[in-house]
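Each remark here refers to the structure printed beneath this line.
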Amino acid sequence: MANTWGYGAMTNSLGDIQNSKAIIIFGANPAVNHPVGFQHFLKAKERNNAKIIVVDPRFTKTAAKADYYAQIRPGTDIPFMYGMLNIIFENGWHNEDFIKDRVYGMEDIMKEAKNWPIERVADVTGVKADLIVQITKHYAQNTPGTLIWAMGLTQHTNGSSNTRMAPILQLALGNMGVEGGGCNILRGHDNVQGATDMCCLSHTLPGYYGLSEGSWKYFAKMWNVDFDWLQGRFKDPSWMGKKGFTLARWWAGVLGGNPGEDAIHNAGTRLKALFVMGNGITSTAQTKKVKEALDNLDIAVFCDPFVNEGAIITDKQDDVYILPAATQFETAGSVTATNRSAQWRSEVVKPMYESKADQDIMFELAKRLGFYEQLTAGMKVRENKTNYNWPEDATDEIARTIKTIGLTGWTAKRLKEHQENWHMFDEVSGRGYGDMTGEYYGLPWPCWTEKHSGSPLLYNINRSVAEGGMGFRNRFGLEHDGQDLLAGKGSAPKDSANKDGYPEITKDNIEKVLGITLTEDEKKRIGKNWKVDTSNIIAEKCMERGIAPYGNAKARAKVWTFADQIPLHREPLHSPRTDLTKKYPSFADKKDHYRVDTRYVSEQSKQDWAKDFPVNLVTGRLVNLNGAGMENRASKYLAKLTPEMFCDINPDLAGRHGIRDGSMMWIHSPQGTKIKVKAKYSYSVSEDRVFLPFHFAGVMEGESLLHKYPEGTAPYAIGESANTVTNYGYDIVTQIPETKGGLCRIERA
Ligand SMILES: Nc1nc2c(c(=O)[nH]1)N[C@H]1C(S)=C(S)[C@@H](COP(=O)(O)OP(=O)(O)OC[C@H]3O[C@@H](n4cnc5c(=O)[nH]c(N)nc54)[C@H](O)[C@@H]3O)O[C@H]1N2
Ligand SMILES: Nc1nc2c(c(=O)[nH]1)N[C@H]1C(S)=C(S)[C@@H](COP(=O)(O)OP(=O)(O)OC[C@H]3O[C@@H](n4cnc5c(=O)[nH]c(N)nc54)[C@H](O)[C@@H]3O)O[C@H]1N2
Ligand SMILES: [Mo]
């Protein structure tokens, strides 16, 4: 990503959207999925007359509030954005100074943009040429503009390229690091940002530290455990540095190597046990594979406040356990919001009946597995205590450990003060008043020191570093191909001792870059670099000199280590345009992609998919249901709003198949699976595509599983899971499933 942190988070904040002069939304439906946050969009409209532009294959409720709506074909956002860039560069609407000083590799983008003349863009995306021109002109001429995205961009085989392309559009316009601009990624669950930051992922350590031995040693130190003990937990030391399976394809770990299945690379063994904490399971693409994997496990454990429907879809009879987890109202601690700010939460009620909070379930498990002491050792470090206070000591452990995203300032004490003083912060800027002066609400990361204000707006050089300013991170060396990767002359944050670009700060360069002399004592205590400096001397000195510890570099439009160095259009694996899959084929197949061999071009070219499966399949969300949906379908009132699973279908498409409004229809997938659902006539979808919500489960391929729910636990609404028919296909970098770009065949039931 061009986002130099390297991962997704809002660069600005929801409140800051009120400062935008234009808002462009790619693949997000905030009126439905972020209805509270969407108020800020509407306020921008009222206050600044900001126009809202929606790019979505469906006419959504958000589109209903838009001034411009482009009904794009799924999986063609890169051509759309190159089309915009081509117009922008041709008319000189780009921000030349910003590009020169703060962006690396834009020449390559300019070159590729030339390959996307408007007629070609219109043909590939299905959006009329004059509408693209109008949108581009409006967006480019009304800066600052904010760019919003969510799952419509990410859930594709080239989703990671989409998420690089969008920031590149913003960089070209100089819409980064300014109020009212930025890339504002609307994240998912409550605390999904925190889960990512703490690495509920399989390819890094917490705080996005890599899996190198150096990082493991740093963590062994911070967790107060023996490195050799940690290493001994792995089959052999080499596995310590390898990525694990992802949630998207854990099931391949069970089925891998079976006839017709992708090969796995897992030290010669298959996965035998599954422990689920807070995932609905039927939200995973290809539910039938998930079922098969569940059937073949030795043991499956579901920790959930509700009956997890993973336990319903499996035919496994023994060793399936449902542990009653408490809800988030029954526990306390810090969570992280979509704009990188922290929030302290208090326990509302004690865990009810025999349920336990997630951490207590984990502690009990660790005791029985014999590593409880090691698991909790890090929380006892600070004052050499013999016991820990949950959750304060956990929060403080995070604060003293995670430097990469700057969590040093997130002590339990400060976060609690913010919770107690909500009313003392401005809703747009997040700026504090009274006792909270000098702090931003929730101390958005990076919060470099225990006194730092927090950084409400990433990459803003119009503020000093002490007040949340910074350039882009210096993460990939000082130069590449003879080009300087550091920021240009004069483009350092306000009040900086060094006015130009500078490298990330280390023990070796700190005196030179900051122009200071360290005392002997400081030299003894200082860490090797800003990421592992537990003394925090580097960050403290940097604040005094107005320097960002992570350096001041250029954002990268070009990533030389990726399969595509700059984002390129690649058709979805199952595309309705066979003519275009030849011109814009998918990636080469990838071996050992998070331990699973993954098919790209071989799957795409296996047959003429569009011939047998001519209809585009789009999946997404409803306002009354969440994720796999059990939590809400178990509520009488929420279930009543959508008592049955359905398919949005254009009446003209339905008519051609003799499908009446309200009658049943079959949807078949290229994988040979099918679902039976109720047709719901809707003009929100065009004739070439259908839409399915993915929140249902409890029916599979036409058969009700109602008899499988333990007595008294069946939800008020059950239905086919859309994921039974979502297609094979996984992102080339992240492995997110292509649930927004598949094909299907429809039939009257
Ligand atoms: N009520 C409710 N709110 C939720 C959730 C929920 O389940 N229910 N889930 C939460 C979670 S976990 C998340 S991640 C967020 C997700 O929030 P969103 O991303 O807004 O959710 P979706 O409805 O899945 O997808 C958004 C839009 O992407 C469009 N789309 C599909 N394919 C493409 C494409 O190729 N290009 C473009 N431009 N658009 C495309 C879809 O038509 C859809 O309208 O919502 C969160 N909020
Ligand atoms: N086809 C299709 N599939 C998709 C998507 C799509 O757009 N289309 N979107 C994908 C996305 S972005 C996401 S995030 C996933 C979401 O899918 P899931 O992660 O499955 O989302 P939820 O249903 O919210 O799952 C949360 C589970 O945790 C339980 N739970 C709630 N609170 C707690 C708690 O405090 N502790 C514990 N232990 N459990 C709790 C709930 O009862 C529920 O069973 O779906 C993905 N799947
Ligand atoms: Mo999500």
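Atoms within each ligand, like the ligands themselves, are counted from 1 in listed order.
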Please give me the minimum heavy-atom distance between [X] and [Y], naming the atom from each residue.
| X | Y | answer |
| --- | --- | --- |
| Gln671 | Asn727 | OE1-CA, 3.3 Å |
| Arg689 | Pro74 | CZ-CD, 4.0 Å |
| Val121 | Phe80 | CG1-CA, 4.0 Å |
| Tyr600 | Phe587 | CB-O, 2.9 Å |
| Pro351 | Ala326 | CB-CB, 4.0 Å |
| Ser575 | Ala610 | O-CB, 3.6 Å |

Heavy-atom nearest neighbour in the protein, as seen from [atom], with distance rounded to 0.1 Å:
| atom | result |
| --- | --- |
| atom 22 (P) of ligand 2 | His189 NE2, 3.6 Å |
| atom 7 (O) of ligand 1 | Gly627 N, 2.9 Å |
| atom 28 (O) of ligand 2 | Gly278 CA, 3.2 Å |
| atom 18 (P) of ligand 2 | Ser283 OG, 3.4 Å |
| atom 3 (N) of ligand 2 | Asn723 ND2, 3.2 Å |
| atom 30 (N) of ligand 2 | Pro305 CD, 3.5 Å |
| atom 13 (C) of ligand 2 | Arg621 NH2, 3.6 Å |
| atom 19 (O) of ligand 2 | Asn279 ND2, 3.0 Å |
| atom 11 (C) of ligand 1 | Gly188 CA, 3.2 Å |
| atom 36 (N) of ligand 1 | Asp77 OD2, 2.7 Å |
| atom 8 (N) of ligand 2 | Thr619 OG1, 3.0 Å |
| atom 27 (C) of ligand 1 | Asp56 OD2, 3.3 Å |
| atom 34 (C) of ligand 1 | Gly152 O, 3.2 Å |

Check whether any N or O atom of [X], backbone or side chain, sits under 3.5 Å from an N or O atom of ligand 2, and answer yes or no.
| X | result |
| --- | --- |
| Asp358 | yes |
| Ala722 | no |
| Met277 | no |
| Asp304 | yes |
| Cys303 | yes |

Looking only at the side chains, is there a donor atom on one of [X] and [Y] sitting less than 3.5 Å from an acceptor on the other?
| X | Y | result |
| --- | --- | --- |
| Asn723 | Thr287 | no |
| Asn650 | Tyr681 | no |
| Gln193 | Thr196 | no |
| Thr581 | Glu571 | no |
| Thr154 | Asp731 | no |
| Tyr728 | Glu738 | no |
| Asn184 | Thr146 | yes |

Which ligand 2 atoms are under 4.0 Å away from a heavy-atom of [X]?
| X | value |
| --- | --- |
| Phe306 | 42 (O) |
| Met151 | 12 (S) |
| Gly629 | 23 (O) |

Can you list the ligand 1 atoms lying under 4.0 Å from a non-hydrogen atom of [X]?
| X | value |
| --- | --- |
| Val623 | 1 (N) |
| Leu625 | 1 (N), 2 (C), 6 (C), 7 (O), 8 (N) |
| Ala150 | 18 (P), 19 (O) |
| Val32 | 1 (N) |
| Gly620 | 23 (O), 24 (O) |

Less than 3.5 Å between some nitrogen or oxygen of [X] and one of ligand 1, yes or no?
| X | answer |
| --- | --- |
| Asn29 | yes |
| Thr60 | no |
| Val55 | yes |
| Gly75 | yes |
| Arg73 | no |
| Val618 | no |

With a 6.0 Å cut-off (strictly less than), is the heavy-atom count around [atom1] of [X], excluding the residue itself, greater than 12?
| X | atom1 | value |
| --- | --- | --- |
| Lys65 | NZ | no |
| Lys61 | NZ | no |
| Lys128 | NZ | no |
| Lys708 | NZ | yes |
| Tyr716 | OH | no |

Would you say [X] touches ligand 1, if touching means a heavy atom closer than 4.0 Å?
| X | value |
| --- | --- |
| Pro57 | yes |
| Leu186 | no |
| Gln155 | no |
| Thr62 | no |

Under-4.0 Å salt bridge between [X] and [Y]:
| X | Y | value |
| --- | --- | --- |
| Lys740 | Asp77 | no |
| Asp123 | Arg577 | yes |
| Asp564 | Arg164 | no |
| Glu292 | Lys288 | no |

Heavy-atom contact check, 4.0 Å cutoff: does Ala285 meet ligand 2? no

Using a 4.0 Å heavy-atom cut-off, which part of Asn626 comes near ligand 1: side chain, backbone, both, or neither?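 The answer is both.
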
What do we get for Leu622 next to ligand 1 when only non-hydrogen atoms under 4.0 Å count, side chain, backbone, both or neither? backbone

Where's the contact between Thr726 and ligand 2, heavy-atom distance under 4.0 Å: side chain, backbone, both or neither? side chain

Between Lys740 and ligand 2, which residue portion shows a heavy-atom distance shorter than 4.0 Å: side chain, backbone, both, or neither? side chain

Given the side-chain rings of Phe59 and Tyr69, with only the six-membered ring counted for Trp, is the space between their centroids under 6.0 Å?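 Ring-ring flag for Phe59/Tyr69: true, centres closer than 6.0 Å.
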
